[in-house]
Amino acid sequence: MAQQQRMQGQPMIIMGDDAQRVKDKDAQEHNISAARAVADAVRSTLGPKGMDKMLVSSMGDVTVTNDGVTILQEMDIDNPTAEMIVEVAETQEDEAGDGTTTAVAIAGELLKNAEDLLEQDIHPTAIIKGYNLAAERAREEVDNVAIDVDPDDEDLIRSVAETSMTGKGAELDKELLSGIIYDAINQVAVETEDGDIVVDAANINIETQQGQSVGNSELLVGAAISKDPVHDEMPSEVEDARILLLNEAIEVEEAEADTSVNIESPDQLQSFLDQEEEQLKEKVQQIKDTGANVVFCQKGIDDMAQHYLAKEGILAVRRTKKSDIEFLTNVLNAGVVTDLDAATEADVASGSVSRDAEDELFYVESDSDEAHGVTILLRGSTEHVVDELERGVNDALDVSAQTLSDGRVLPGGGAIEVELADRLRDYADSVSGREQLAVEAFADALELVPRVLAENAGLDSIDTLVDLRSAHESGDERVGLNVLSGDLEDTFEAGVVEPAHAKEQAVTSASEAANLVLKIDDIISAGDLSTDKGDDEGAGGPGGGMGGMGGMGGAM
């Protein structure tokens with residue numbers, strides 16, 4: 001598309017032949033449809049009755065999940081606007097740990113409602129201003145509605161975890177898992193000087209195993225290392241363990257430059273081998289001198305060194321994963337030794353090491369009061385079950401930790417969204433100008449959540465929303481939808497509880513993303529408008545030469 005302008009009788013080429021440009025209303029319509037396509041893709045996964053998606057990668061790897069951020073990350077999205085909406089989910093995951101589907105669905109609905117306002121010739125600037133006013137007011141109202149949490153209120157924090165896990169393959173054993181999660185975050189929670197409680201998620205590790213039921217999952221105060229001893233003669237359990245974490249190979253040191261050795265007699269060969277053996281003996285002696293009787297080595301251990309370690313009664317594990325070594329530093333409150341020559345007794349941590357032969361795991365626990373670190377052992381029947389279980393537990397851990405730190409919760413089941421919408425409509429009356437319509441559109445967008453919850457549960461969404469509005473207008477601000485029974489009830493009393501921080505973040509992320517898309521009135525590309533410049537350039541779907549802009553690379 002070459003744009004030309006006559007200037008002094010000569011054509012001036014502004015854009016190249018391969019360049020593409022979409023302007024004004026076409027650009028807005030195009031961006032809104034791309035963003036809504038992403039939101040529509042995850043809407044059916046919302047809530048306890050949400051459906052799952054099966055995602056098959058180009059390598060043939062299969063993921064079965066209803067976790068919003070996982071779905072969007074695994075999808076082959078080939079569109080710049082759609083990728084902005086994916087970033088909403090990623091931001092929500094990073095900041096709140098859960099609520100990704102809610103954030104994306106609200107962003108899509110905000111854009112749908114904005115499209116209706118644009119049709120009425122309301123300028124995007126007025127819509128953006130109205131959305132900003134509504135988002136700010138919604139956050140204030142979340143704080144007003146929020147219920148304070150006592151950090152010692154185990155039932156309430158477990159309810160938050162159970163609500164997060166419901167619908168994610170973990171609900172059958174959610175009571176067991178919520179207990180494990182509550183115990184885990186309490187083990188690693190620290191009170192600051194200001195009296196705030198901080199939960200360091202880095203001190204919680206999750207290990208998964210296949211072949212058993214979810215009911216066999218458990219919490220270990222320490223680390224679980226999926227490794228074997230390097231030698232059969234080594235002890236497999238050490239009660240009074242002195243543990244050394246090592247990031248140096250217990251092998252013969254090789255010369256940095258390429259070298260060759262000429263040997264003329266068997267004696268010289270024997271002398272050469274003896275020297276190598278002596279090097280290994282010296283390394284083992286250095287370990288023994290530190291007082292260590294257990295070694296977790298991140299690198300390799302020579303066969304001869306394994307023999308000498310076994311002779312000394314030292315339990316050694318080689319090729320320990322870097323992530324496991326890092327976690328062990330938290331569990332044992334110890335550092336990692338990178339040079340055996342400099343290793344001392346101070347580098348050795350005390351604890352105990354036991355062995356689960358059936359699961360081929362080492363359990364490592366610390367004797368130090370300053371050490372922090374727990375491991376959740378998640379067990380499931382198949383790989384897909386365990387993977388989805390891990391995603392659900394990760395989200396539940398994040399929201400439980402947030403609740404403990406933030407100290408505020410909200411009634412779930414769509415109750416907070418209907419209440420916010422009701423309050424925003426009252427607030428809209430005080431807003432002058434066309435922004436008032438945008439505030440009302442924002443309120444309507446929030447009500448998408450109870451509508452979709454009802455739809456996904458096979459209930460009538462319109463009747464449900466009408467009844468919810470009626471209840472909230474009568475002053476019942478905690479009434480939400482029980483998707484299991486189809487009845488309206490006080491969801492807070494029923495144990496359907498969500499963290500306030502996650503809801504605030506969802507409103508913020510959704511409104512910011514919608515405003516970002518609405519602000520764009522011109523799309524200029526030096527070539528194909530898709531973001532994937534592979535061999536399938538331009539094969540994105542409807543839209544002719546618009547490449548991936550029409551159908552997001554066929555992924556939808």
Side-chain angles (χ1 to χ4, degrees), residues 22 26-47 50-58 63-96 98-116 118 127 131 391 441-442 445-446 448-449 451-453 455-456 505-520 523 525 528-532 536 539-543 546-556:
V22 190
D26 288 339
Q28 287 164 347
E29 285 178 359
H30 169 73
N31 283 335
I32 289 171
S33 64
R36 284 182 59 193
V38 178
D40 291 345
V42 296
R43 263 176 58 166
S44 65
T45 68
L46 186 67
M51 304 298 283
D52 289 357
K53 305 284 184 189
M54 178 184 282
L55 305 161
V56 185
S57 74
S58 56
T63 304
V64 179
T65 182
N66 67 4
D67 183 50
V69 73
T70 305
I71 294 166
L72 296 176
Q73 285 174 339
E74 293 289 330
M75 279 168 57
D76 181 21
I77 291 178
D78 178 21
N79 177 287
T81 313
E83 285 179 357
M84 291 181 193
I85 304 301
V86 176
E87 287 171 6
V88 173
E90 291 172 344
T91 302
Q92 181 72 16
E93 181 74 10
D94 292 343
E95 292 295 319
D98 200 9
T100 51
T101 307
T102 303
V104 170
I106 292 174
E109 193 70 3
L110 285 171
L111 288 168
K112 177 191 170 189
N113 294 350
E115 199 167 27
D116 295 338
L118 290 170
I127 300 173
Y131 278 1
R391 283 187 283 269
F442 197 103
L446 289 176
L448 171 80
V449 174
R451 279 197 288 120
V452 173
L453 285 175
E455 278 174 25
N456 292 347
Q505 183 62 45
V507 169
T508 302
S509 301
S511 61
E512 287 177 354
N515 287 345
L516 184 64
V517 173
L518 287 173
K519 215 173 174 80
I520 298 167
I523 307 169
S525 171
D528 181 6
L529 279 170
S530 73
T531 54
D532 181 8
D536 300 329
M546 298 306 294
M549 292 297 279
M552 288 192 289
M556 303 304 293

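FYI, the numbering just counts along the sequence from 1. As the structure is a computational prediction, the values presented were derived from the model and not from experiment.
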*Euclidean distance, Glu74 CD relative to Met54 CE, rounded to 0.5 Å*: 13.0 Å
*Atom CE of Met51 and atom CZ of Arg43: how far apart are they, to the nearest 0.5 Å?*
15.0 Å
*Give, for atom OG1 of Thr65 and atom CG of Asp52, the distance between the pair rounded to the nearest 0.5 Å.*
6.5 Å
*Which atom names give the shortest non-hydrogen contact between Leu518 and Ala114, and what distance separates them?*
CD2-CB, 3.7 Å
_Quick one: does any side-chain atom of Gln92 pair with a main-chain N or O of Asp98 as donor and acceptor, under 3.5 Å?_
yes
*Heavy-atom side-chain contact between Glu93 and Leu72 under 4.5 Å*: no
*For Ser44, side-chain hydrogen bond (donor to acceptor under 3.5 Å, both in side chains) partners two or more places apart*: Lys53
May I have the list of side-chain donor-acceptor pairs in residues 99-113 shorter than 3.5 Å, sequence neighbours left out?
from: Thr100; atom 1: OG1; to: Val69; atom 2: N; distance (Å): 3.4
from: Glu109; atom 1: OE2; to: Arg451; atom 2: NH2; distance (Å): 2.9
from: Asn113; atom 1: ND2; to: Ala441; atom 2: O; distance (Å): 2.9

Ignoring hydrogens and angles, write down the donor-acceptor pairs under 3.5 Å from the side chains of residues 507-515, residues two or more places apart or on other chains.
from: Thr508; atom 1: OG1; to: Arg139; atom 2: NH1; distance (Å): 3.1
from: Thr508; atom 1: OG1; to: Glu504; atom 2: O; distance (Å): 2.9
from: Ser509; atom 1: OG; to: Gln505; atom 2: O; distance (Å): 2.9
from: Ser509; atom 1: OG; to: Gln505; atom 2: NE2; distance (Å): 2.9
from: Ser511; atom 1: OG; to: Val507; atom 2: O; distance (Å): 3.0
from: Ser511; atom 1: OG; to: Thr508; atom 2: O; distance (Å): 3.0
from: Asn515; atom 1: ND2; to: Asn132; atom 2: OD1; distance (Å): 2.9
from: Asn515; atom 1: ND2; to: Ser511; atom 2: O; distance (Å): 3.4

*Show the numbers, then the answer: is there a side chain to side chain contact (heavy atoms under 4.5 Å, CB included) between Thr63 and Gln73?*
CA-CA 11 Å; Thr63 304; Gln73 285 174 339; over 6 Å; no
*What are the two closest heavy atoms between Gly47 and Leu453, and how far apart are they?*
CA-CD2, 3.4 Å
*Okay, side chain of Asn456, backbone of Leu46: is any donor-acceptor separation there less than 3.5 Å?*
yes
